[in-house]
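Reminder, nothing fancy here: chain letters follow the sequence lines and each chain counts from 1.
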Protein chains: 2
Amino acid sequence: MNAPQMTRNQALVFDVLEKAEGPLSAYTILDKLRDQGFRAPLQVYRALEKLLEYGVVHRLESINSFVACAHPGENCHSHGIVAFAICESCGQVIEFHDHEVDHRLMGWVRSQKFKPAKTTIEIRGTCEACAA
Amino acid sequence: MNAPQMTRNQALVFDVLEKAEGPLSAYTILDKLRDQGFRAPLQVYRALEKLLEYGVVHRLESINSFVACAHPGENCHSHGIVAFAICESCGQVIEFHDHEVDHRLMGWVRSQKFKPAKTTIEIRGTCEACAA
DNA sequence: TCAATTGCGTTATGCTATAACGTGTGCAAT
DNA sequence: ATTGCACACGTTATAGCATAACGCAATTGA
């Protein structure tokens with residue numbers, strides 16, 4: 001899925017996520033966009049749904065939040081499985097990819113004839129800076 | 001963490017999860033335990049919290065649900081990272097472990113000096129039976 | 001005995017997400 | 001041009017998930 005032209009709402013939501021230092025919840029995004037006319041959660045969720053489709057935003061399942069993809073311009077769907085390290089102290093998220101992990105998981109999936117749709121890898125803990 | 005003696009509430013919740021065919025949400029568990037005197041979500045959540053500590057129950061972050069550990073009697077915390085394949089059609093969950101995946105993720109974590117606390121690997125898709 | 005800990009019950013509340021309805025706009029086919 | 005469709009949007013209402021804060025009771029150990 002490639003990003004066609006973003007609508008106004010999609011662009012606003014994406015902009016908020018890009019400028020954020022870490023992941024944001026849908027309701028936090030909503031609050032940040034009240035001045036631009038946002039009034040209801042659905043406005044955010046609908047935009048997020050599209051941004052996820054376009055591959056420019058990721059959803060962090062373990063913390064019910066959303067984050068802009070770390071590869072500006074590119075489509076993250078082409079990088080294989082995306083993994084995240086989430087610092088529970090400062091909130092920062094590091095996005096990374098490991099082909100060997102992909103390979104192992106896809107191997108297992110094939111051996112089970114399981115058809116994967118969406119895979120989540122999230123490591124919650126403490127980043128180097130916060131571990132001090 | 002080893003399971004000491006379960007309290008009545010913990011045992012009731014665990015029992016429901018063990019007998020279930022798939023993962024259950026906290027509120028579903030609550031409904032199933034109304035006859036045993038459960039009245040409020042917190043009764044379930046508090047029990048779940050302990051069962052997670054004991055390592056006999058897992059939380060599926062991507063579907064806000066809970067499932068009994070697939071290794072009856074053992075403590076799942078000793079098996080390394082636990083991964084799940086979740087069938088979005090029939091709801092069944094397959095729990096598995098892959099040491100190579102663990103190894104790769106832990107390697108990345110060490111290289112980043114990131115201190116992991118809890119790692120989630122969940123593959124949502126369609127199981128063999130449902131793929132037909 | 002006293003204090004600390006742990007589990008429990010209850011009420012209230014907050015956060016996350018979607019259903020269902022209707023409106024407007026752009027665009028393609030007739 | 002008109003019709004029909006697809007899509008984004010706005011709004012209200014509601015469903016689903018999770019925890020805060022209070023108080024009580026039982027247990028334990030100093």
Side-chain angles (χ1 to χ4, degrees), chain A residues 1-17 20 22-54 56-67 86 88 91 118 120 122 124, chain B residues 1-17 20 22-54 56-67 86 88 91 118 120 122 124:
Chain A
M1 169 75 58
N2 216 20
Q5 183 64 24
M6 280 189 203
T7 67
R8 170 182 153 84
N9 283 8
Q10 287 159 23
L12 285 169
V13 169
F14 182 65
D15 199 52
V16 165
L17 280 175
L24 300 178
S25 77
Y27 280 75
T28 302
I29 297 171
L30 174 58
D31 285 338
K32 287 181 183 292
L33 288 175
R34 294 226 182 257
D35 292 345
Q36 333 297 327
F38 273 48
R39 320 279 333 219
L42 224 53
Q43 296 176 279
V44 176
Y45 281 108
R46 289 205 270 234
L48 285 172
E49 186 180 11
K50 288 301 179 184
L51 295 172
L52 290 167
E53 268 182 39
Y54 302 158
V56 297
V57 162
H58 300 291
R59 176 193 198 108
L60 301 176
E61 308 280 0
S62 66
I63 56 172
N64 298 314
S65 293
F66 303 85
V67 69
I86 305 167
E88 292 175 314
K118 175 101 200 303
T120 297
E122 296 176 16
R124 293 180 305 299
Chain B
M1 170 75 55
N2 216 22
Q5 183 63 24
M6 280 190 203
T7 67
R8 171 183 152 84
N9 282 9
Q10 287 159 24
L12 285 168
V13 169
F14 182 64
D15 199 52
V16 165
L17 280 175
L24 300 178
S25 77
Y27 278 72
T28 302
I29 296 171
L30 173 58
D31 285 340
K32 286 181 184 292
L33 288 176
R34 295 224 183 257
D35 291 346
Q36 334 297 328
F38 274 49
R39 321 277 334 225
L42 258 185
Q43 295 176 280
V44 176
Y45 281 108
R46 288 204 271 231
L48 285 171
E49 186 180 12
K50 288 302 179 183
L51 295 171
L52 290 167
E53 268 182 37
Y54 302 158
V56 297
V57 161
H58 300 291
R59 177 193 197 108
L60 301 176
E61 308 280 1
S62 65
I63 56 173
N64 298 313
S65 293
F66 303 85
V67 70
I86 305 166
E88 292 175 315
K118 175 103 200 302
T120 297
E122 296 175 18
R124 293 180 307 297

Enquirer: Does any donor atom in the side chain of B:T120 or A:R124 lie under 3.5 Å from an acceptor atom in the other side chain?
Expert: yes
Enquirer: For B:Q5 and C:dC8, what is the distance between atoms CD and P respectively, to the nearest whole Å?
Expert: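 Computing the B:Q5:CD to C:dC8:P distance gives 12 Å.
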Enquirer: Are any non-hydrogen side-chain atoms of B:V16 and B:T28 less than 4.5 angstrom apart?
Expert: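 With C-beta onward as the side chain, the pair stays apart.
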Enquirer: So A:V13 and A:V57, do their side chains get closer than 4.5 Å, heavy atoms only?
Expert: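 A:V57 vs A:V13: side chains apart.
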Enquirer: What is the separation between atom NZ on A:K50 and atom C1' on D:dC7, rounded to the nearest whole Å?
Expert: 8 Å
Enquirer: Rounded off to whole Å, could you give me the CD-to-P distance for the B:E61 and C:dA17 pair?
Expert: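 B:E61 atom CD is separated from C:dA17 atom P by 12 Å.
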Enquirer: Side chain of B:Q36, backbone of B:L33: donor and acceptor closer than 3.5 Å?
Expert: no
Enquirer: When you measure only distances, ignoring hydrogens and angles, does the side chain of B:R8 come within 3.5 Å of the base of C:dG7 through a donor and an acceptor?
Expert: no
Enquirer: Report the distance from atom CZ of A:R46 to atom C1' of C:dT18, rounded to the nearest whole Å.
Expert: 10 Å
Enquirer: Using the side-chain heavy atoms of B:Y54, tell me which of these nucleotides is nearest: C:dA20, C:dT16, C:dG7.
Expert: C:dG7
Enquirer: Starting from P on D:dC9, measure out to CD on A:Q43 and report it in whole angstrom.
Expert: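 That distance rounds to 9 Å.
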Enquirer: Would you please test B:E49 and B:R46 for salt bridge (Lys or Arg N to Asp or Glu O under 4.0 Å) and show each step?
Expert: CA-CA 5 Å; B:E49 186 180 12; B:R46 288 204 271 231; over 6 Å; no
Enquirer: With the side chain of A:Q10 defined as its heavy atoms from C-beta on, choose the nearest nucleotide among C:dT10, D:dT11, D:dC9.
Expert: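 My answer, after comparing the listed nucleotides, is D:dC9.
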Enquirer: A:E122 side chain to A:E61 main-chain N or O, any donor-acceptor pair under 3.5 Å?
Expert: yes
Enquirer: CD1 of B:I63 versus P of C:dT18: gap in Å, rounded?
Expert: 14 Å
Enquirer: Restricting to side-chain contact (heavy atoms from CB on, under 4.5 Å), what partner residues turn up for A:S65, sequence neighbours left out?
Expert: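 Scan of A:S65 (side-chain contact (heavy atoms from CB on, under 4.5 Å), adjacent residues dropped) gives A:P23, A:S25, A:I63.
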Enquirer: Can you measure A:L12 atom CG to D:dG10 atom P for me and round it to whole angstrom units?
Expert: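 Going from CG in A:L12 over to P in D:dG10 covers 10 Å.
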Enquirer: Closest nucleotide of DNA chain C for B:T7 versus for B:N64: which of these residues is on the 5' side?
Expert: B:T7
Enquirer: Let me know the distance between CG of B:N9 and C1' of C:dG9, rounded to the nearest Å.
Expert: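 Rounded to the whole Å, the gap is 9 Å.
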Enquirer: Got a sec? Which of residues 24-39 of chain B come in under 4.0 Å of DNA chain D, heavy atoms?
Expert: B:S25, B:Y27
